[in-house]
Amino acid sequence: MNVRHKFQQDKTIKELFENHFDKGMYADEQLLFLVDLIHVFRPKKPNQVEQVFLTEFIDFLECNPNYITLFRDYFKTVISKNKFSRLLTDSGILNDNHFFKEIKKRLFEKFLPFQPEKGTLQFVLNQVFYLSTDPIWINKIPYEQIIVVYQLLGFTDIYENIKQETPFSEVVIAMQVLAQRMSGRALENDVIKMVPEYSNFESPFLGFEKELSQLEVIVRANNCHYIPSTELVYKQVLLLHKQCNDFVDKAFLNSSKFGISLSVNQNLLRIRQQLVRIRELLPLLVVENEEGKKRNSTLVLLKLIRYNCYKNNIRKLFLESTQLISYEITQHTAKSGQKYITDGYKEYFSMFYKAIGGGFIVGFLCLFKLLFSRIETSAFGHAFFYSLNYASGFILIFLLGFTLATKQPAMTAATIAQALDEGMKKKNQAKDKHTLFAKLFARIFRTQFIAFVGNVLFAFPVSLFLIWILDVVLGVNYAEARAGKLINDLNPIHSFAIFHAAIAGVYLFFSGIISGNIANRNKHYQVAYRIQENPFLKQTFGIQKTKKISNWVDANWAGVISNMWFGVFLGSTASVGMFFGITLDIRHITFASGNFALGLYGNHFLVNFWSLFWSLVGIGLIGFINFIVSFSLSMFLALRSRNIPFSELRLLNTSIFYYFKRAPLNFFFPLKDKV
């Protein structure tokens, strides 16, 4: 925008009209007059104004009727073509692109928007209403004033002319294009697979397309070019539109049975968006009285402005595209989280024994990492060995049924969100649902507590015993060279222990996402069933063994892959940080306990009081940060996936606080609840 244009923005309506029509100051770029005119009415903060009035503009035109004629001619000059069907069919609706391509496309067009041919209505909208907040203040203009401007400018209603490239014709063409696109998309194999209930019936989309074509014939053949709401074909179109909506809703609902891929999710979202767009355009064909003609004619322009302004909305795309996928992922993690919630003493100590097993294996992993660190190799070599060490250990812990305490928050957060969602749906439990959730949280917290205790208590002695055995057998204290670093890395004051613990918490969250995603994908592609009925496997291993393989994959594959990637994340972080010249690493409470034992032994137990004190504090803080980061991210995703308002968290936190004041020991031990 040039300096001259900025200067013109500060002019009054009278000065703008005089500069354009009397002085010809906009001769070089006539459209800038309309840009500056709209700028006069556009509030700086549209959300903070109650109404936007056009009184000054209307009064000026009424007092200067000669400008009305000039303004009408001006409009005909800047808008010589009324073709805008592409805006109705494409703006704000997903393309055939995959999710990430669509994000990339919208980002590109947000900074460098598509510009239609000059002289078209869409080009004018792009140039004049270029801010995403424009629909907000336009909707705050009183309808009566919009009608007055409509009449002053001598606009005719959209029903007078139905030839090609007229507003009415563009609306009808847009609806037909949308209907045809929906029909083709709804008949694709991946979409039909989501709704087996419709396999024996004609697609409602085909019926909708036929009825819409018939409705167009009736409207075009009608002398007045519109229909009353009582028109039978119109009612049939609305009925079939509802059936198409039911089809999409059923497909989304069936995702819990069949899983869903991102591409199928995008296809269904695209169909839903097209259905919404048609539902918004259909009432434009219905007129009950003369006032209805004016209202529909102004609505066309208002809708076009809104669609054009929101066409590159990235936030809405991201939220819509990821909600169902995140729901399916958290559904899996919520089911997995059930086993991490103990009730009585039997389950409580069972979790303790599982944590002991996890701590026992981590003790070995700590020693192996120490030995791998002594290998003379590249940063990539160390990343490979560390990742192999972590991944194999985590997979072993998972397959043996042991537990790693920090893996629990990602699962239990989804369980809390699921319980909260179910509680919100039961209106009769609205009063005491938060108390029930506080008790659920207490059960989760004490399970996490005893798992931490089991992991930490056994990782320490196992690591200490193993390094001592090596020293006795080989006569070498392998921890001596790294003792200082192992101790100092736990100090929350003089090291990046807290930051590194947060990185580990993010990885724990990612591992939960990976687990849920793999489970959802396996369900969608029927991996277990494919293995079970694979003719080669049945001939090679027999039917029963193949079925066992299928069941094992169904039950364990998601956990194996997520633990493998969790190991890779932990093992490669330091090397990645080294490559970029950044101090990156991870701190995990169970490994911190084992490394503390190695550091003590390597230093011959000659550690001063403050080093000992800060190491113990550091281990506790590392565990807390591991937990809170993983739990918070997982909770955010779980609430987002279920459309649960975050205000519920405040109420939940309050109920947890009061419950803790009444029964604090219940957060650490499975005592009988007396409150």
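Here the structure is a predicted model, which is why all the values come from computation and not from measurement. All heavy atoms count here, side chains included; hydrogens, waters and symmetry mates do not.
Expressed to the nearest 0.5 Å, how far CD1 of I278 lies from CE of M182 amounts to 3.5 Å. With rounding to the nearest 0.5 angstrom, the CG atom of N66 is 6.0 Å from the CG atom of N64. Annotation: the span from H225 atom NE2 to K293 atom NZ amounts to 9.5 Å, rounded to 0.5 Å. The distance from the CG atom of L285 to the CG atom of N296 is 8.5 Å, given to the nearest 0.5 Å. Rounding to the nearest 0.5 Å gives a distance of 12.0 Å between CG of D36 and CD1 of I13. Atoms SG and CG, from C309 and L131 in turn, are 7.5 Å apart once rounded to the nearest 0.5 Å.
Taking the side chain as every heavy atom from C-beta outward, F258 and Y525 never approach each other to under 4.5 Å. Here the side chains of R86 and V177 are not in contact, with every heavy-atom distance at 4.5 Å or above. Counting heavy atoms from C-beta outward, I141 and Q51 have side chains that stay 4.5 Å or more apart. The side-chain heavy atoms of Y198 and I192, taken from C-beta on, include no pair separated by under 4.5 Å. Contact annotation: the side chain of I147 never approaches that of Q145 to less than 4.5 Å [non-hydrogen atoms, C-beta and beyond]. In this structure, F21 and D73 have side chains that are not in contact, with every pair of non-hydrogen atoms separated by 4.5 Å or more. For the pair Y234 and L215, the minimum side-chain heavy-atom distance is below 4.5 Å. Between Q151 and K294 there is a side-chain heavy-atom pair separated by less than 4.5 Å.
Formation of a donor-acceptor pair under 3.5 Å by the S169 side chain with backbone atoms of T166 is not found in this model. In this structure, the side chain of N139 engages the main chain of P135 through a donor-acceptor pair within 3.5 Å. Put simply, the side chain of Y74 never gets that close to the backbone of T69: no donor and acceptor are under 3.5 Å apart. Remark: the backbone N or O of S229 is paired with a side-chain donor or acceptor of E288 at under 3.5 angstrom. Looking only at distances, a side-chain donor or acceptor of R72 sits under 3.5 Å from a matching main-chain atom of L152. Looking only at distances, a side-chain donor or acceptor of S297 sits under 3.5 Å from a matching main-chain atom of I158. Side-chain atoms of E170 come within 3.5 Å of backbone atoms of F84 as a donor-acceptor pair (strictly under, hydrogens ignored). Here the side chain of N222 pairs no donor or acceptor atom with the backbone of I218 at under 3.5 angstrom.
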Side-chain donor-acceptor pairs of residues 301-308 under 3.5 Å, sequence neighbours excluded:
from : atom 1 : to   : atom 2 : distance (Å)
Y307 : OH     : E280 : OE1    : 2.3
N308 : OD1    : K311 : NZ     : 3.3
N308 : ND2    : N126 : OD1    : 2.8

Can you give me every donor-acceptor pair (side chain of residues 205-213, partner residue at least two apart or in another chain, under 3.5 Å) with its distance?
from : atom 1 : to   : atom 2 : distance (Å)
E209 : OE1    : S183 : OG     : 2.9
K210 : NZ     : E202 : OE2    : 3.3
S213 : OG     : Q176 : OE1    : 3.4
S213 : OG     : Q176 : NE2    : 3.4
S213 : OG     : E209 : O      : 3.1

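In plain terms, the two heavy atoms of R277 and L87 that are nearest each other are NH1-O, 3.9 Å. Residues N254 and M194 come closest through the heavy atom pair ND2-O, 2.7 Å. Of all heavy-atom pairs between T298 and Y143, the closest is OG1-CE1, 4.0 Å. Taking both residues in full, the closest heavy atoms of A174 and L281 are given as CB-CD1, 4.5 Å, listed atom of the first, atom of the second, then distance. Looking at every heavy atom in both residues, L88 comes nearest to I93 through O-CD1, 4.3 Å.
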Show your working on side chain to side chain contact (heavy atoms under 4.5 Å, CB included) between F510 and L633 and close with a plain yes or no.
CA-CA 9 Å; F510 282 155; L633 292 173; over 6 Å; no
As a quick check of understanding, evaluate side chain to side chain contact (heavy atoms under 4.5 Å, CB included) for T55 and D59, giving each step before the final call.
CA-CA 6 Å; T55 309; D59 291 345; 3.5 Å; yes
Can you check salt bridge (charged side-chain N to carboxylate O under 4.0 Å, His left out) on K242 and D249, steps first, answer last?
CA-CA 10 Å; K242 183 180 182 304; D249 291 341; over 6 Å; no
Show, in sequence, the C-alpha distance, side-chain angles and deciding distance for V172 and R220, and conclude whether the side chain to side chain contact (heavy atoms under 4.5 Å, CB included) test is met.
CA-CA 10 Å; V172 174; R220 287 189 181 276; 4.2 Å; yes
Side chain to side chain contact (heavy atoms under 4.5 Å, CB included), that's the test. Do V264 and H524 meet it? Break it down for me.
CA-CA 10 Å; V264 173; H524 180 68; 4.0 Å; yes
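Aromatic ring pairs are classed by plane angle as parallel below 30°, tilted from 30° to 60° and perpendicular above 60°; the pair F129 and W137 is tilted.
With Y130 as the aromatic partner, R42 meets the cation-pi criteria of under 6.0 angstrom to the ring centre and within 45 degrees of the ring axis.
Every residue meeting the ring-ring contact (aromatic ring centres under 6.0 Å, His included) condition with Y226, not counting sequence neighbours, appears here in chain and number order: Y159. Here F60 pairs with F17, Y67 under the ring-ring contact (aromatic ring centres under 6.0 Å, His included) rule; sequence neighbours left out. Among residues two or more places apart in sequence or in another chain, the side chain to side chain contact (heavy atoms under 4.5 Å, CB included) test is passed with V49 by P43, V52, K140. For D190, the salt bridge (Lys or Arg N to Asp or Glu O under 4.0 Å) test picks out no residue, with sequence neighbours left out.
Ion pairing between a basic and an acidic side chain is recognised when a charged N comes within 4.0 Å of a carboxylate O; E231 and K235 show no such pairing. One finds no salt bridge joining K250 and D246 here, because no Lys/Arg side-chain nitrogen approaches an Asp/Glu carboxylate oxygen to under 4.0 Å.
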